[in-house]
Amino acid sequence: MAVWALGLNHTTAPLDLRGRFAFALDQVAPALARLRQMHARHPEAALLSTCNRTEVYCASDQVQIDHTLGWLAQAGQVPIDALHQHTYVLQGGQAARHAFRVASGLDSMVLGEPQILGQMKSAVRAAQDAGALGTTLNQLFQRSFAVAKEVRSSTDIGAHSISMAAAAVRLASQLFEDLSQVKVLYVGAGEMIELTATHFAARSPRHVAIANRTLERGEKLAHRFGGEAMRIADLPERLHEFDIVVSCTAAQVPIIGLGAVERALRKRRRRPMFMVDLAVPRDIEPEVKELGDVYVYTVDDLAQVVQTGQASRQAAVAQAEVIIDAGVQSFMHWLGQRDPAAGVVPLIRELNAQADEWRALELARARKRLAQGEDIDAVLESLSRGLTQKMLHGAMAELRASDPAQREQTAQTVERLFLRGARP
């Protein structure tokens with residue numbers, strides 16, 4: 001069984017390109033169905049899509065990377081060549097290692113952040129619900145969860161990390177001297193908004209509002225943080241009321257446009273606004289960043305802030321890598337036990353191809369001699385001798401060329417391969 005992963009993330013692709021490959025959870029099932037239909041062998045498949053990465057994990061009896069890349073390019077409506085230069089492809093043990101590192105937070109923009117593990121579990125549940133997960137990928141992901149748990153319990157990988165939410169608060173405090181005097185608007189009501197609101201709540205902002213597509217969900221979150229709920233449709237008319245705007249929705253197009261922000265600034269008499277766009281694709285039009293008196297930060301802009309304290313975490317990273325190495329070895333051993341021949345499939349194919357070439361050559365010679373009228377028994381004798389010589393030539397050459405120290409081992413190998421069952 002072959003395992004492979006193909007993806008793009010914050011280190012290989014810019015924000016706007018990543019945005020073309022963002023899948024909401026309700027889009028995963030139909031996306032996986034299309035992926036499996038495009039592959040002749042209908043592989044096991046799972047799709048992980050977050051703000052910082054989109055990754056496809058597959059398992060089948062044959063690797064089908066070109067088909068996987070073609071499907072992803074089609075899904076994002078991007079030419080294959082343009083996508084290829086921003087993707088990475090991993091197979092076998094390397095694919096397993098990558099999955100384990102992702103689950104453990106070692107491949108995240110925020111080193112050691114815990115959110116990715118929950119996102120990975122959601123991706124696995126979505127693949128299970130879609131009927132796309134089989135024994136191999138299920139083992140891969142269950143082992144990745146176990147490795148991640150051990151990494152977090154046995155190392156300090158997350159002890160010094162700064163989350164995106166904490167980074168947003170830190171940057172806001174650089175612009176506004178006293179966060180207890182500001183009004184904060186959160187657009188969306190998902191996990192990232194909830195986490196950000198929790199961090200800002202520690203600074204006791206003067207007023208909080210939650211704008212969400214579903215008012216009921218917004219009201220629930222607003223009640224928790226002592227704020228008000230509003231509809232996203234009301235944003236253009238009320239945007240000027242807020243000093244800080246944090247947005248993270250699953251919208252496929254920007255919901256806060258240049259015109260709306262320009263009008264808000266005029267009403268604010270050029271008082272500054274601090275805006276954080278944690279969504280992929282973007283929630284805030286990129287042109288907004290060019291306006292004066294507006295400070296806009298995307299997930300990529302926050303990278304420098306959240307990557308502080310790297311040196312203090314290197315020891316934890318080294319410890320985590322040891323745990324991951326053991327997990328990879330265990331998974332590959334399990335995979336090998338399921339299909340002992342999996343590791344030598346390429347060699348088997350080469351041997352079959354070589355044997356076919358020899359057979360075709362000897363058959364061609366035999367037909368030519370028969371056409372010339374030669375005796376059929378003599379031709380068959382020559383054909384069998386030619387095949388025998390070709391099959392034994394390599395073994396004979398190795399026996400003659402071996403040095404004394406290796407000759408006995410070579411002889412035992414030849415005996416095992418060619419004389420099995422021939423001796424009493």
When you compare the side chains of Arg170 and Gln174, does any donor N or O come within less than 3.5 Å of an acceptor on the partner? no
Is it true that, when you exclude Glu262 itself, more than 12 heavy atoms of the residues, nucleotides or ligands shown sit nearer than 6.0 Å to its CD? yes
Taking the side chain as C-beta and beyond, is there a heavy-atom pair between Leu195 and Gln115 under 4.5 Å? yes
Measure across Tyr88 and Thr12 and return the closest heavy-atom pair with its distance rounded to 0.1 Å. CD2-CG2, 3.8 Å
Identify which one of Asp283, Val288, Leu239, Ile232 satisfies the side-chain contact (heavy atoms from CB on, under 4.5 Å) criterion when paired with Ile256. Leu239
Shortest non-hydrogen pair, Ile80 vs Ala73, comes out as CG1-CB, 3.7 Å
Backbone N or O of Ala250 within a donor-acceptor pair of the Gln252 side chain at under 3.5 Å? yes
Any donor and acceptor pair, going by atom type alone, linking the side chain of Gln329 with main-chain N or O of Ala326 inside 3.5 Å? no
Taking 4.0 angstrom as the limit, do Asp293 and Arg271 come out as a salt bridge? no
For the backbone of Ile284 and the side chain of Asp277, can you confirm whether one donor and one acceptor N or O come within less than 3.5 Å of each other? yes
I would like to know whether Arg238 and Glu228 meet salt bridge (charged side-chain N to carboxylate O under 4.0 Å, His left out); could you show each step before the answer? CA-CA 13 Å; Arg238 297 196 57 189; Glu228 64 165 315; 2.7 Å; yes
Report yes or no: does Glu44 contribute a side-chain atom to a donor-acceptor pair with the main-chain N or O of Leu137 at less than 3.5 Å? yes
Using the side chain to side chain donor-acceptor pair (under 3.5 Å) rule, collect all pairs that involve residues 66-85, keeping only residues at least two apart or in two chains. Trp4-Thr68, His39-Thr68
Between Thr54 and Phe21, is there a donor-acceptor pair closer than 3.5 Å when you use the side chain of the first and the backbone of the second? yes
Close side-chain approach of Leu140 to Phe100, heavy-atom, < 4.5 Å: yes
Considering only heavy atoms from C-beta outward, does the side chain of Leu399 approach that of Thr410 to under 4.5 Å? yes
So, Thr155 side chain and Arg152 main chain: donor-acceptor pair closer than 3.5 Å or not? no
Taking all non-hydrogen atoms of both residues into account, name the closest pair between Ala31 and Phe23 and its distance. CB-CE2, 3.8 Å
Stepwise side chain to side chain contact (heavy atoms under 4.5 Å, CB included) test for Val3 and Val63: CA-CA 7 Å; Val3 177; Val63 175; over 6 Å; no
Check the pair Arg206, Val182 against side chain to side chain contact (heavy atoms under 4.5 Å, CB included), reporting the backbone distance first and the verdict last. CA-CA 5 Å; Arg206 183 154 61 100; Val182 302; over 6 Å; no
Approximate separation, where rounding is to 0.5 Å, of Leu175 CG and Tyr295 OH: 6.0 Å
How long is the span from the CG atom in Leu258 to the CZ atom in Arg263, to the nearest 0.5 Å? 9.5 Å
Could you go step by step and tell me if Ile116 and Glu113 meet the side chain to side chain contact (heavy atoms under 4.5 Å, CB included) rule? CA-CA 7 Å; Ile116 186 61; Glu113 57 94 2; 3.3 Å; yes
Working for salt bridge (charged side-chain N to carboxylate O under 4.0 Å, His left out), residues Glu362 and Arg367: CA-CA 9 Å; Glu362 292 301 326; Arg367 291 191 180 104; over 6 Å; no
Minimal heavy-atom distance between Ala45 and Arg36, with the atoms involved, is CB-CG, 4.4 Å
Using side-chain heavy atoms (C-beta onward) and a distance below 4.5 Å, is Met230 in contact with Leu185? yes
For residues Thr298 and Asp301, is any side-chain donor paired with an opposing acceptor at under 3.5 Å? yes
Are more than 12 heavy atoms from other residues, nucleotides or ligands located less than 6.0 Å from atom CZ of Arg231? no
Where do His98 and Glu55 land on the side chain to side chain donor-acceptor pair (under 3.5 Å) test, with the steps shown first? CA-CA 11 Å; His98 181 74; Glu55 295 178 343; 2.6 Å; yes
Nearest heavy atoms of Ala189 and Ile210, plus distance in Å: CB-CG2, 4.5 Å
Could you check whether atom CE of Met396 has more than 12 heavy atoms from other residues, nucleotides or ligands sitting under 6.0 Å from it? no
Donor-acceptor pair, side chain of Arg203 and main chain of Ser180, under 3.5 angstrom: no
Might you work through the side chain to side chain contact (heavy atoms under 4.5 Å, CB included) test for Met120 and Thr50, ending with a clear yes or no? CA-CA 9 Å; Met120 208 168 189; Thr50 74; over 6 Å; no
CA sep, side-chain torsions, deciding dist, call: Asp243, Lys183, salt bridge (charged side-chain N to carboxylate O under 4.0 Å, His left out): CA-CA 5 Å; Asp243 307 296; Lys183 294 182 178 182; over 6 Å; no
Do the ring planes of His207 and Phe242 sit parallel (below 30°), tilted (30 to 60°) or perpendicular (above 60°)? parallel
Looking only at heavy atoms, which two atoms of Ala95 and Ala5 are closest? And how far apart? CB-N, 4.1 Å
Side chains of Ser104 and Ile324: does their closest heavy-atom pair fall under 4.5 Å? yes
Indicate, with yes or no, if the rings of Phe225 and Tyr186 have centres closer together than 6.0 Å. no
Donor-acceptor check, side chain of His240 to backbone of Lys267, threshold 3.5 angstrom: yes or no? no
Determine, for Asp300 against Arg18, whether the closest basic-nitrogen to carboxylate-oxygen distance falls under 4.0 angstrom. yes
Check whether any side-chain heavy atom of Val102 lies under 4.5 Å from a side-chain heavy atom of Asn9, and answer yes or no. no
Counting only N and O atoms by type, is there a donor-acceptor contact under 3.5 Å from the side chain of Thr214 to the main-chain atoms of Glu216? no
In plain terms, say whether Glu241 and Arg268 are close enough for a salt bridge, that is, a side-chain N and a carboxylate O under 4.0 Å apart. no
Within-4.5 Å side-chain heavy-atom neighbours: Ile255 and Ser247: yes
For the CZ atom on Arg217, are there more than 12 heavy atoms of other groups (residues, nucleotides or ligands in this structure) within a distance under 6.0 Å? yes
Measure the CZ-OG distance between Arg53 and Ser108 for me, rounded to the nearest 0.5 Å. 5.5 Å
Is it the case that atom NZ in Lys149 sees more than 12 heavy atoms from other parts of the structure closer than 6.0 Å? no
Polar side chain donor-acceptor pair, Ser330 to Arg143, under 3.5 angstrom: yes
Heavy-atom side-chain contact between Val110 and Met164 under 4.5 Å: yes
